[in-house]
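Below is one structure, written out as structure tokens, with a few remarks after it.
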Amino acid sequence: MVRRRPPASASSDELLSTLGRLTAQALERVESQKARVELAAALQRDLLPSALPQAQGLRAAARYAPARHGLDIGGDWYDGFVLPGGVLGFSVGDVQGHDVEAAAFMGQVRIALRALATATPDPGEVLGRANDLLVDMEPDLFATCSFLRYDPANGELAMARAGHVPAVWAASDGTHGVDGEAGGLPLGIQAGEPYPVSHRYLTGSGAFVLVTDGVVEGPSFSIDEGLDHIAALIQAGADGEPATLAADLIHVAELTGHQDDAAVLVLRHDR
């Protein structure tokens, strides 16, 4: 006598159908997210400059490291460009968000800073105008940023910060420190925000460094510990090649346990 399996109940058929449908939806979401991550990575790569400007007595180098987790990519940037009169403009920033939207917003901020920097020589006014422009656009994102203006004629470096990590500097004589001058709110939060400007002269031999928070802050590091760590590296590499120092600094991001992307900008001066 042959025993036959009883026919599946209607509820079992529905369960299998539902499971198949959910599996298909999950795979579709995975593919969609994968495509978004790839697009964000491509945008990030294409929007970062392929080269940085150099000047008499100043060499610049930068590094970018993508997030460890693909979903968190996008938003950190560095930039450098030549302004009228041979003055150099530099910016480093971090969009508070990830994925395609963050990468696209980063591009908008970079373009705005470049355009505004040609209209005014004051870094604080550049950030103020950029901030008002972004607030008018009513974005869901905001960005921290440092903007610098370097004049090769006299070595003056003028800088304004919008909620960003302080700069760290070191000289070949062993002195070093954190440029903790006051700044304003991140860009895109509140219209009419003032951005104080700090001034210093890059004399002698040394390095002036800007980073995003992915380099100095994370589960394994407090921001103060991170700044101390990179200060030691900058002090040790102040006389070296800027590209070598930038590479050493970007590796610090691996120690913080941070999942965010990271960017480093090194200005190596010898006047």
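We use all heavy atoms of the structure for the numbers below, so side chains are in, but hydrogens, waters and symmetry mates are not. Just so it is clear, the model here is predicted, and its values are computed rather than measured. For the single chain, residues carry numbers from 1 onward in sequence order.
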Show your reasoning for whether side-chain hydrogen bond (donor to acceptor under 3.5 Å, both in side chains) applies to T175 and D173. CA-CA 6 Å; T175 58; D173 63 6; 2.7 Å; yes
Go through it in stages, so that I can follow the logic: the residues are T212 and D76, the test is side-chain hydrogen bond (donor to acceptor under 3.5 Å, both in side chains), and I'd like the CA-CA distance, side-chain angles, deciding distance and then a yes or no. CA-CA 7 Å; T212 59; D76 283 25; 2.7 Å; yes
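Pairing each heavy atom of S205 with each of A238, the nearest pair is OG-O, 4.3 Å. The two residues S146 and R161 make their nearest non-hydrogen contact at OG-CG, 3.4 Å. Taking each heavy atom of P166 and L227 in turn, the nearest pair found is O-CD2, 4.3 Å. Among all heavy-atom pairs drawn from G188 and N131, the shortest one is N-OD1, 2.8 Å. Of all heavy-atom pairs spanning P53 and A60, the tightest one is O-CB, 3.9 Å.
Counting non-hydrogen atoms of other residues, nucleotides and ligands closer than 6.0 Å to CG of N154 gives a total above 12.
Between Y78 and V264, every side-chain heavy-atom pair lies at or beyond the 4.5 Å cut-off.
The structure places CZ of R114 at 10.0 Å from CZ of F147, a figure rounded to the nearest 0.5 Å. Remark: H176 NE2 to L233 CG distance equals 11.0 Å, nearest 0.5 Å. The structure places CG of L83 at 7.5 Å from CG of L88, a figure rounded to the nearest 0.5 Å. Taken to the nearest 0.5 Å, the CG atom of L185 stands 6.0 Å off from the OH atom of Y195.
Salt bridge R200/E156: absent, no basic N to carboxylate O contact under 4.0 Å.
For the side-chain contact (heavy atoms from CB on, under 4.5 Å) criterion with V215, the lone passing option out of L255, D261, I230 is I230.
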